[in-house]
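Just below is one structure, and these are the notes that go with it.
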Amino acid sequence: MTKPSITRLLAGAALLLGAATAQAQRTPPPPPPPANMPPYDARALFQPDYLDQPAPSTRTGGGKPGATYWQNAADYQIAANLDEKAARVTATATITYTNNSPDELPFVWLQVDQNLFRNDSRGAAATPIGGGRFGNSARGFQGGDSLQSVNIELHGKKLKASYRVSDTRLQIILPEAMKPKGDKLKITIAYGFNIPEYGADRLGRLKTPNGEIFEVAQWYPRMAVYDDISGWNTLPYMSAEFYLDYGNFDYTLNVPANYLVGGSGQLVNGAEVLTAKQVQRLAQAATSDKTVIVRGADEVTQASSRPAGRNGRLTWHFKCQQARDVAWAASAAFVWDAAKMNLPSGRKSLAMSLYPAEVAQDSAWGRSTEYVKKSIEYNSKQWYEYTYPVATNVAGVVGGMEYPGIVFCGVRAKKGSLWGVTDHEFGHNWFPMIVGSNERKYPWMDEGFNTFINILSSQDFNNGEYKEQGDVANRIAPGVTRAMYAPEADVPYTVPDVTQSRNLGYAAYSKTGYGLYLLRQEILGPERFDYAFRTYIKRWAFKHPQPRDFFRTMNEVAGEDLSWFYHEWFFENWLLDQAVNSVAYVNQDPTKGALITIENKGQAAMPVTAEITETNGKKTTVRLPVEIWQRGGTWTFRTSTTSPLTQVVLNPTNILPDVNRSNNTWRAQKLAE
């Protein structure tokens with residue numbers, strides 16, 4: 001999900017938080033550090049490893065799923081109908097839930113997310129009077145799930161369910177408990193809901209000259225997660241992100257015949273819902289690296305561009321395997337284009353875009369499929385192969401939201417920002433679509449990890465066309481450093497998953513993404529980091545990692561105790577202040593070498609990079625590990641020299657979040673003439 005474009009972190013100061021959607025800006029350097037900044041204490045930073053506490057039996061001390069690891073599964077069959085005039089979805093969903101846990105389950109929990117849009121919901125009560133991006137749609141809107149029937153089948157018996165609804169949660173009390181390790185429950189729910197015009201920036205409707213665009217998500221009752229850490233995860237939906245189990249989806253969408261539909265997964269009845277020309281063009285796109293128009297802007301109003309259907313309607317059939325969710329979009333207004341994606345294994349997958357005709361010539365949406373293709377190809381090669389047969393970008397009212405194989409991006413996005421939001425939302429197909437972390441409790445494990453991979457993909461795209469958006473030293477680091485000053489700023493590990501919190505953008509997105517970049521560039525190096533990060537993804541693909549699983553995996557695979565870094569970066573907002581104290585020469589002779597004394601003035605520590613310049617023009621770069629700060633707050637090192645020094649600069653690239661750059665540089669005093 002995209003961040004709020006601007007979040008207030010300090011009184012009177014605005015921090016750019018739109019890494020996914022806003023065009024790159026250069027943030028001014030941070031102000032001088034607070035006068036009362038606590039001094040450095042090596043014992044506080046390098047404390048005994050908190051990861052030494054025993055891991056659950058389902059997870060290893062090295063961060064892998066253990067021999068007894070388990071997770072439950074949910075498969076869905078859904079038949080839905082869109083009433084475009086009433087803006088209403090009616091559907092029947094059949095869920096097959098498998099209890100793989102070692103526990104009996106006397107009841108189960110489901111999420112009925114549309115209840116957020118009831119006027120009496122918790123989310124409505126928590127929305128400011130003036131409204132908000134993630135609040136209720138509109139005053140007086142009659143939202144919420146209307147349940148016609150809830151039936152179950154358990155142990156061969158079919159009966160009406162005994163259930164209760166509490167806000168966005170539905171609890172089914174079972175007539176007898178589900179048995180451990182493989183027992184199955186079938187739940188069938190008939191329901192309906194009105195589609196909000198603006199649904200918490202996750203779903204909604206947009207009127208265009210050629211028809212309304214419907215973006216539909218959180219559109220069916222979804223099983224809550226029962227896991228080995230918390231049991232049932234039942235936080236109410238108040239615009240928070242999602243934590244979901246994996247399964248297979250088979251769903252149909254009955255819509256007007258003149259509509260095009262994009263959905264998660266594979267369209268399995270294309271011959272029934274597409275024209276022969278569109279089938280041919282899709283086949284062409286499947287072999288083309290260049291974007292192929294499947295339905296052009298000039299065809300949108302042509303009746304011949306759509307089959308007649310039966311009674312003016314068509315049913316689109318999709319299947320999505322090993323997924324945690326599905327979403328879809330439908331409209332008569334869509335232009336449609338596509339191109340093939342080149343995945344490392346050679347497996348075929350299509351990049352596609354759906355957008356209204358009036359932006360077809362726009363330099364942004366005209367390149368949307370190129371953006372989808374390049375983002376997914378890069379991340380597939382760099383981290384883990386994309387798993388879905390299609391990746392669809394939809395232009396509509398939603399500013400930026402992710403679902404397996406499909407994302408919603410704002411129709412008004414311009415050139416640089418459309419790349420940013422597309423890359424960010426499809427980056428979520430790695431976190432948390434593939435690596436299924438609990439984004440309700442730990443948003444930094446999906447938003448922050450995704451922000452990190454966005455830095456690298458933006459630097460790579462089209463030989464650096466959008467490299468500035470991935471510029472850490474000039475764009476991200478100063479803003480994060482500035483935010484650290486705020487005493488009320490949340491740290492990543494404890495920030496609640498409440499998207500209207502003024503600290504969410506900083507803690508969950510920017511600081512976490514920046515921290516992983518520092519871990520890669522300044523602490524481990526790209527080769528060691530990339531191998532460890534890929535291992536984490538591979539270990540936890542389609543599983544549910546906890547924060548310590550990530551920490552332990554990185555330690556084990558990189559061969560490094562990084563507890564100090566996790567401590568200062570994820571659990572604290574400690575400040576970094578590296579300084580050059582003095583320069584002396586061995587036996588007062590510059591040709592015998594220089595002795596440089598540096599100091600760590602803040603509570604945080606990082607490795608040191610010193611750029612040393614001599615009067616003869618020679619430049620030397622010295623790199624010192626973080627372990628020098630285990631021995632106290634000052635350190636003297638020797639460097640070989642052949643002439644006097646003119647300058648010593650710490651953090652010469654400004655990549656570190658140093659809060660006082662004025663003491664990073666030592667310059668030789670000029671001799672009096």
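For the residue pair D167 and S121, no side-chain donor N or O sits within less than 3.5 Å of a side-chain acceptor on the partner. No donor-acceptor contact under 3.5 angstrom links the side chains of D446 and S437, judged on distance only. In summary, the side chains of Y226 and D103 do present a donor paired with an acceptor at a separation below 3.5 Å, with no hydrogens or angles considered. Side-chain atoms of D75 and Y246 form no donor-acceptor pair, as typed in the model, at a separation below 3.5 Å. Under the 3.5 Å distance criterion, with hydrogens and angles disregarded, a donor-acceptor pair is assigned to the side chains of N555 and Y566. Inspection of the S345 and E385 side chains reveals an N or O donor paired with an N or O acceptor under 3.5 Å. A donor-acceptor pair shorter than 3.5 Å can be found between the side chains of D530 and Q382. If you check the side chains of Y220 and D325, you find a donor sitting under 3.5 Å from an acceptor. With no hydrogens or angles considered, no side-chain donor-acceptor pair links H544 and D549 at under 3.5 Å.
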Subject >> Working for side-chain hydrogen bond (donor to acceptor under 3.5 Å, both in side chains), residues E272 and H317 >> reply: CA-CA 10 Å; E272 299 174 17; H317 187 184; over 6 Å; no
**OP:** For R205 and E215, run salt bridge (charged side-chain N to carboxylate O under 4.0 Å, His left out): C-alpha distance rounded to whole Å, both residues' side-chain angles, the deciding distance at 0.1 Å, then the answer.
**Re:** CA-CA 6 Å; R205 300 178 276 123; E215 294 174 307; over 6 Å; no
**OP:** Show the numbers, then the answer: is there a salt bridge (charged side-chain N to carboxylate O under 4.0 Å, His left out) between K381 and E377?
**Re:** CA-CA 6 Å; K381 181 179 179 181; E377 286 180 346; over 6 Å; no
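Between S349 and Y388, the shortest heavy-atom distance links the atoms OG-O, 2.9 Å.
In this structure, T553 and R539 have side chains that are in contact, with non-hydrogen atoms separated by less than 4.5 Å.
Taking the centre of each ring, F431 and F533 come in below the 6.0 Å mark. A centroid separation of 6.0 Å or more is found between the aromatic rings of W430 and Y384. A centroid separation of 6.0 Å or more is found between the aromatic rings of F193 and F117.
Residues E153 and K184 are not paired through a salt bridge, judged by the lack of any N-O separation under 4.0 Å between the basic side chain and the carboxylate. Electrostatic pairing of E104 and K179 does not count as a salt bridge here, judged by no charged N lying under 4.0 Å from a carboxylate O. With respect to the salt-bridge test (charged N to carboxylate O, under 4.0 angstrom), the residues E241 and R202 qualify. A salt bridge links D228 with R59: at least one charged nitrogen is closer than 4.0 Å to a carboxylate oxygen.
For the pair K511 and W569, the cation-pi criterion (under 6.0 Å, within 45° of the ring axis) is fulfilled. R222 forms a cation-pi arrangement with F242, by the criterion of a distance under 6.0 Å to the ring centre and an angle within 45° of the ring axis.
Ring-plane geometry between F318 and W316 is classed as parallel, the angle between the planes falling under 30 degrees on a 0 to 90 degree scale with a further cut at 60. In this structure, W109 and F107 have perpendicular ring planes: the angle between them is above 60°, well past the 30° mark. The aromatic rings of W383 and F452 are tilted relative to each other, their planes meeting at an angle between 30° and 60°.
Note that the CE atom of M223 and the OG1 atom of T96 stand 10.5 Å from one another [nearest 0.5 Å].
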